[in-house]
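All remarks here apply to the structure that follows.
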Amino acid sequence: MSEFAHATRNRPLVVAANRLPVSRSGDGGWEPSPGGLVRALWPIVQETGGTWVGWTGEIDGPSDMIRLEGIDLHPIPISARERERYYEGFSNDTLWPLYHDAIRDSGYQIDDWTSYVDVNQRFAVRIANIAPPDAVVWLHDYHLQLVPALVREQRSDLRIGWFNHIPWPPVELFQRLPWRSEIIAGLLGSDLLGFQRERAAENFITAAQQLVGATEIDHGVLEHNGRRTRVGRFPISIDVEEFAMAASGRASRQRAAQFRVRLGDPEVILLGVDRLDYTKGIGSRLRAFGHLLDQGRLDPERHVLVQVATPTRERVEMYQEERREIEQIVGEINGRHARLGFPVIHYLYQTLSLDDLIPLYRAGDVMLVTPFRDGMNLVAKEYVAAHVDGDGVLVLSEFTGAADELEGAILVNPHDERALQDAIVQAVEMHRHERRARMEKMRAVVSAANVSEWARSFLGALCEP
Ligand code: ADQ
C-alpha cells in the first residue's frame, strides 16, 4: 500500500480547488500546469487513482471529464459573468482583502454573493455525482467554503476536509461579512478544517462559537447541529528535495554565477519574489530600499535589488493600481540612483521557470519577504531550501505563517518603515558566522517537513476512525 493510500486508509481521493491543475498545451489538448500546490498534490492524486474537480480557467469551458496522466479531471464550467462575480468579485474583492487583515476595503455586493453560492452549488453537485462510495473529499481554499455542507447534504458516506491556504481573520474583522453565518455553516459540513497557523484555527473556533453557536466540546473539536468538526493547524511546506537537488546541480551554480555577473557583480544582491499582490508589501520594501540609498546607508555601487513579480488577477482594479504604484516607485528609485547600464533595482513583471528561479534564489544574498499578511509564504521556504551553500539571510515579516517556523530569519514588522530599513541594513551587514548559523537553523526546520508529509498528515487526520 502506498503511503498516501495508508493515510486515507485506502479510501479513494477527490480533490477540489477553484482551478484544475492544467492548462492548454500547444496542440489544443491539456498539460499539467506548474505551481506549488499542483506539484504537491499531483503525485498523491495519481497514486491514489484519484480525481480532481475544478475550473479550467476558460470561459464557458468544457465540462466533460479529461483523463490526464492517470488522473480524472472534472471541469466546472464558469461563465464570463461568474468569473466577474464569483471569482473576481466575491473571492478576490470581498474575501481576499477581508481575510488579509482588511488591508484594502472589501466590496460586499449581493450579486457577487449569489454567484458564489451558485458556483459552490455546482461544485457540490459534481462532487456528489462523481465521488466513489466512502471517498475522501479534500477541498481547498476560500473559493469553496459552502461546498462542505452542500456535499454533506447529498452524500453522508464521504469524509470531507477543507484546507485554508490563506489566513483566517479575527472575528472582529470576519463579522463584517454580511454572509458570515452562511460561510461558517458551510464549513462546518466538514469533518476536518485545516489552517496554516494556530491563531487562524483559534480565530475560526471563536467565530463559529460566536456567530452560529457552535460549542467546543474538546480542544479543537466543534459541535454544531449534532455534528462534529475537528479544527487544526497543518502548516504547508514545499518539495524540499526538488529545490535542494536542483539548487546543488552544476547548471544551477553556473546560472547563479552568471546572474551575479549580469547584475554588475555587486557585493550584495537583495531579492524579492512575489505574486504582484497588495498583501505582499512589495511597495514598502522598495521604498525602504530607496530611503536607505537616499540616506547613504546602502550604496548603489555595492547593493542591488532584484524584484520579480508574477502577474496575477490582472483584471481586478486593485491589482492594476498596485502594479502602477510599484512600477512608479521602481522608476523613481532608479531615476535617482542608477548609473548608465547599472539599474539599482532590476524589476521583472514575469513568471520565472524553476530553472531560473532556483539559481536566482541561490544568487540572492538577502531575501526580502515582507507581506502585511500571508497564510504561510512558500517563497521564504524555497529560498532556504535552495541555499545549499548554507549562506544567505532571510528578512521575514512577522505576519506570515512562515514566521512561526523560521526562527533564524530576521523578523520584521513591515508596517514599521524604520524597522524595515534597520532589518535590511542588519541583513546586509551581518557577519558570515551569524549568517551561516541562522541559515543552518532554518534549513533544519525546512528539510524536516516536506510537502508530501503535510498532505499525509492532513489526510491521516481526516481519515482517523
Ligand atoms: P501565494 O499567495 O501565491 O499562495 P506563496 O506561498 O508565496 O504565495 O507562493 C507563491 C508561489 O509562486 C511560490 O511557489 C513561488 O515560487 C511562486 N512564484 C512567485 N513569484 C514567482 C515568479 N515571479 N516566478 C515564478 N514563480 C513565482 C497562497 C497563500 C500563501 C501560502 C500558499 C500555499 O497566499 O500564504 O503559502 O498559498 O498554501
Side-chain angles (χ1 to χ4, degrees), residues 15 17-19 21 33-41 91-92 95-101 103 138-143 162-169 194-197 199-200 233-240 242-243 246-247 259 271-282 285 306-314 319 322-323 326 346-362 364 367-386 394 396-406 446 449-451 454-455 458:
V15 168
N18 172 56
R19 282 297 300 272
S33 52
L37 184 65
V38 176
R39 273 202 301 274
L41 291 180
S91 298
N92 288 324
L95 297 175
W96 181 268
L98 183 65
Y99 284 27
H100 287 87
D101 285 357
I103 63 164
W138 190 2
L139 304 161
H140 289 264
D141 243 354
Y142 58 103
H143 314 86
W162 175 82
F163 180 77
N164 196 31
H165 290 261
I166 69 172
W168 186 278
F195 295 88
Q196 306 268 26
R197 308 182 84 167
R199 179 59 62 83
R233 168 180 180 247
F234 297 85
I236 198 169
S237 187
I238 56 167
D239 190 336
V240 183
E242 183 189 16
F243 272 84
F259 284 158
L271 178 62
V273 174
D274 315 77
R275 273 191 309 104
L276 200 155
D277 194 295
Y278 54 81
T279 60
K280 303 288 183 185
I282 303 172
R285 172 194 314 164
V306 177
Q307 175 65 54
V308 193
T310 309
T312 179
R313 303 176 195 166
E314 287 178 288
Y319 287 77
E322 182 69 12
R323 180 179 172 196
I326 287 170
H346 297 254
Y347 166 76
L348 303 180
Y349 182 61
Q350 290 164 30
T351 302
L352 298 186
S353 68
L354 278 188
D355 290 345
D356 278 336
L357 185 61
I358 292 175
L360 191 59
Y361 281 143
R362 273 208 67 167
M367 182 83 216
L368 303 174
V369 177
T370 57
F372 297 121
R373 178 60 75 189
D374 215 331
M376 173 55 67
N377 196 288
L378 296 180
V379 167
K381 292 187 173 182
E382 290 168 1
Y383 175 74
V384 169
L394 175 63
L396 181 62
S397 161
E398 293 164 9
F399 297 88
T400 61
D404 289 347
E405 299 175 70
L406 300 178
V446 170
N450 207 27
V451 67
W454 163 77
F458 184 89

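In this chain, numbering begins with 1 at the start of the sequence shown. Each ligand, and each atom within it, is numbered from 1 in the order the structure gives. On a predicted model such as this, the values are computed, not experimentally measured, just so you know. Hydrogens, waters and symmetry mates play no part in the numbers below; they use all other heavy atoms, side chains included.
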Quick one: are the ring centres of Trp454 and Phe163 less than 6.0 Å apart? yes
Per-atom filter on ligand 1: closer than 4.0 angstrom to a heavy atom of Arg275 are 1 (P), 2 (O), 3 (O)
So the atoms of ligand 1 within less than 4.0 Å of a heavy atom of Asp374 turn out to be 29 (C), 30 (C), 34 (O), 35 (O)
> Taking Thr310 for the side chain and Thr351 for the main chain, is one N or O donor matched with an acceptor at less than 3.5 Å?
Replying inline: no
Using modelled atom types only, decide if a donor and an acceptor are shared between the side chain of Arg285 and the backbone of Lys280 within a distance under 3.5 Å. yes
Heavy-atom proximity to atom 31 (C) of ligand 1, picking from Lys381, His100, Arg373, Gln196, points to Gln196
Within 4.0 Å of some non-hydrogen atom of Gly375, the atoms of ligand 1 are 35 (O)
Quiz item: Between Ala309 and ligand 1, is there a nitrogen or oxygen pair with a distance under 3.5 Å?
Solution: no
Review point. Do the ring planes of Tyr349 and Tyr347 sit parallel (below 30°), tilted (30 to 60°) or perpendicular (above 60°)?
Key: parallel
A student checking ligand 1 against Val379 at a 4.0 Å heavy-atom cut-off should list atoms 7 (O), 15 (C)
Polar proximity ligand 1 side, Phe163 side, N/O cut 3.5 Å exclusive:
no
- Any N or O of Thr351 closer than 3.5 Å to N or O of ligand 1: no
Heavy-atom proximity to atom 13 (C) of ligand 1 ranks first, among Arg197, Glu382, Met376, for Glu382
Heavy-atom proximity to atom 38 (O) of ligand 1 ranks first, among Lys280, Gln350, His165, for His165
Atom 22 (C) of ligand 1: of Ile236, Thr310, Leu357, the nearest heavy atom sits on Thr310
Contact region, Tyr361 to ligand 1, non-hydrogen atoms below 4.0 Å, reads side chain
For Val273, the ligand 1 atoms with a heavy-atom partner under 4.0 Å come out as 19 (C), 20 (N), 21 (C)
